[in-house]
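Excluded from the calculations below are hydrogen atoms, water molecules and symmetry mates; all remaining heavy atoms, backbone and side chain alike, are included. In what follows, chains carry the letters A, B, and so on, assigned in the order in which the sequence lines appear, proteins first and then strands, with residues in each chain numbered from 1. Since this is a predicted model, take the numbers as computed values, not measurements.
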2 protein chains.
Amino acid sequence: MAYRPTEKTEARKRAQHKLLSDTALNIVARGGFNALTVASLAEEAKVAIGTIYKYFKDKSAVCTHVFQRGSAREVETVEQCAFPEGVRPEDMADCRTRLEETIRVFSMRALAGHKLAYALIAEPIDPMVEAERLKYRQAYAEIFSRLVQEGVDKGEFRPQDSRVAATAIVGALAETLVGPLARVAEGQEDIGLEELVDSIKTFCLAAVLA
Amino acid sequence: MAYRPTEKTEARKRAQHKLLSDTALNIVARGGFNALTVASLAEEAKVAIGTIYKYFKDKSAVCTHVFQRGSAREVETVEQCAFPEGVRPEDMADCRTRLEETIRVFSMRALAGHKLAYALIAEPIDPMVEAERLKYRQAYAEIFSRLVQEGVDKGEFRPQDSRVAATAIVGALAETLVGPLARVAEGQEDIGLEELVDSIKTFCLAAVLA
DNA sequence: TGATAAAGTGAATATTAATTCATATTATCT
DNA sequence: AGATAATATGAATTAATATTCACTTTATCA
């Protein structure tokens, strides 16, 4: 043999993958998943169409990757908010406070993220990627579920099925945000976002409190 | 001139339109909007592809029509439940009771409607039709909003933005039902539907109550 | 430098589904 | 029956993308 992959080639491979990943994320953030075509990605990344297929099995894989990458940071941030790490147990706020804060952060980030958040939460995409969205929403539900359960155990919240409550919270958040998100995504700045988030917060709080 | 539309031809026209409408609704109820193509509709209705275009402007129009027809009865039923007609004011149940009942009926019908309900509430479809779903959900939100507002005015519910609460309720319902709906739609009968609906009901009630 | 393997290319092809349109059929009226 | 108009037909066309693949370029190593 007379060819072996080396550190340099591996580095380039990683760089190319990152280039495609970044570009794809940009395209989605700018125009939603509709704007992400193999051709548009190739053009914007300045590579040939065929190159895409050296790095991703097919179009679906690109979408899935973008979805995961786009949502990972969101989920992480929200989780950190619900269950702050590096805080001594005695300094940990009560569940009610953390739930409020988590809802606020979720909403505000969604509203600030414009098109990307809309794409992740609500934009219609093809069924193969839809499975990813389900996971995305479930990841959130999982976080809320743990928080609600902790609240129930500590007597802060009424006894309830924390899975259902968590799913309902995610649904309530998504549904109330979709309208405003669509408007914000289209550039018509909207006032009253603070009030909106307050209303949602109050609604969810009341739903789970004792 | 030597041709004039007559009652007979008009009747046939209506019959044909109904045939296409029924067939399209059947296809969606059976396989979701994905299964509804111009070709599949033509085949199942036993007409030529071109015929579809004599009755509908384009594919979108077919989808929109199916969506409206499919949802009309649902919305009507739910509305009747929230605001029963032909009941003397003094016999009208309180808002809390009506809200509970409305949520129960909404959920149960969705769960019983299998694939159609899933298609209307959650199945990803193309953007043109998506606008219709937004209207569909808003129709529900409108009903809940009126009911919540009435409850607030009567002091049964806490003071709140009834639009936000209503939207949140619709979101909570849709989100909690999608999972079970998908499972029911695939034939894996699910137990615990009653409990699920009870949990959702309790959640929403707690959220709006004083 | 020549052999080997991987990465890159993009025109050609495949896919999927909507839409059109020249033609045929059917209904109506005198 | 003949004239007229609406309705029906479905093969052919269009459209929008995804996917392939024969070929070129680049990198590695003996």
For this session: Show your working on side chain to side chain contact (heavy atoms under 4.5 Å, CB included) between B:Ile169 and B:Tyr140 and close with a plain yes or no.
Result: CA-CA 9 Å; B:Ile169 290 174; B:Tyr140 280 126; over 6 Å; no
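Side chains of A:Thr9 and A:Thr6: a donor-acceptor N/O pair is absent below 3.5 angstrom, by distance only.
We find that CD1 of A:Ile52 is positioned 12 Å from P of C:dG10, with the value rounded to whole Å. A straight line from NZ of B:Lys8 to C1' of D:dT7 spans 13 Å, rounded to a whole angstrom. Taking atom NZ of residue A:Lys54 and atom P of nucleotide C:dG10, one finds them 14 Å apart after rounding to whole Å. One interatomic measurement links the two molecules: CZ of A:Arg14 to P of C:dA7, which rounds to 13 Å at whole-angstrom precision. Summarising the geometry, the separation between CD on A:Gln16 and P on C:dA6 is reported as 17 Å, rounded to the nearest angstrom. Look at CD on A:Glu10: it is 12 Å from C1' on D:dA27, rounded to the nearest Å. Following rounding to the nearest Å, A:Arg4 (CZ) and D:dT26 (C1') show an atom-to-atom distance of 17 Å. Atom pair A:Leu19:CG and C:dA7:C1' shows a separation of 14 Å (rounding to whole Å applied).
By the salt bridge (charged side-chain N to carboxylate O under 4.0 Å, His left out) test, A:Lys201 is found to be paired with A:Asp198, residues two or more places apart in sequence or in another chain being considered. The side-chain contact (heavy atoms from CB on, under 4.5 Å) search around B:Glu10 returns B:Pro5, B:Lys13, B:Arg14, not counting sequence neighbours. With sequence neighbours left out, the salt bridge (charged side-chain N to carboxylate O under 4.0 Å, His left out) criterion links B:Lys54 to no other residue. Looking at residues two or more places apart in sequence or on another chain, you find no salt bridge (charged side-chain N to carboxylate O under 4.0 Å, His left out) involving A:Asp153.
Around atom CD of B:Glu43, no more than 12 heavy atoms belonging to other residues, nucleotides or ligands sit under 6.0 Å away. No more than 12 heavy-atom neighbours from other residues, nucleotides or ligands sit within 6.0 angstrom of CD on B:Glu76.
Close to C:dA7, at under 4.0 Å from its OP1 or OP2, lies a side-chain N or O of A:Lys13. In terms of phosphate contacts, B:Thr51 brings a side-chain nitrogen or oxygen within less than 4.0 Å of OP1 or OP2 of D:dT9. Between C:dG8 and A:Arg12, a contact under 4.0 Å exists linking OP1 or OP2 to a side-chain N or O. Dashed line: the shortest gap from a side-chain N or O of B:Tyr55 to OP1 or OP2 of D:dA8 is under 4.0 Å.
Salt-bridge formation is not detected for the pair A:Arg137/A:Glu142: no Lys NZ or Arg NE/NH1/NH2 atom is positioned less than 4.0 Å from an Asp or Glu carboxylate oxygen.
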What does the list of N/O pairs under 3.5 Å between the protein and nucleotides 15-20 of chain D look like, with a distance for each?
unit_1, atom_1, unit_2, atom_2, d
D:dA18, OP1, A:Lys59, NZ, 2.4
D:dA18, OP2, A:Val38, N, 2.9
D:dT19, OP2, A:Tyr53, OH, 3.1
D:dT19, OP2, A:Lys59, N, 3.0

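Contacts between residues 40-48 of chain B and DNA chain C, defined by a heavy-atom separation under 4.0 Å, are absent.
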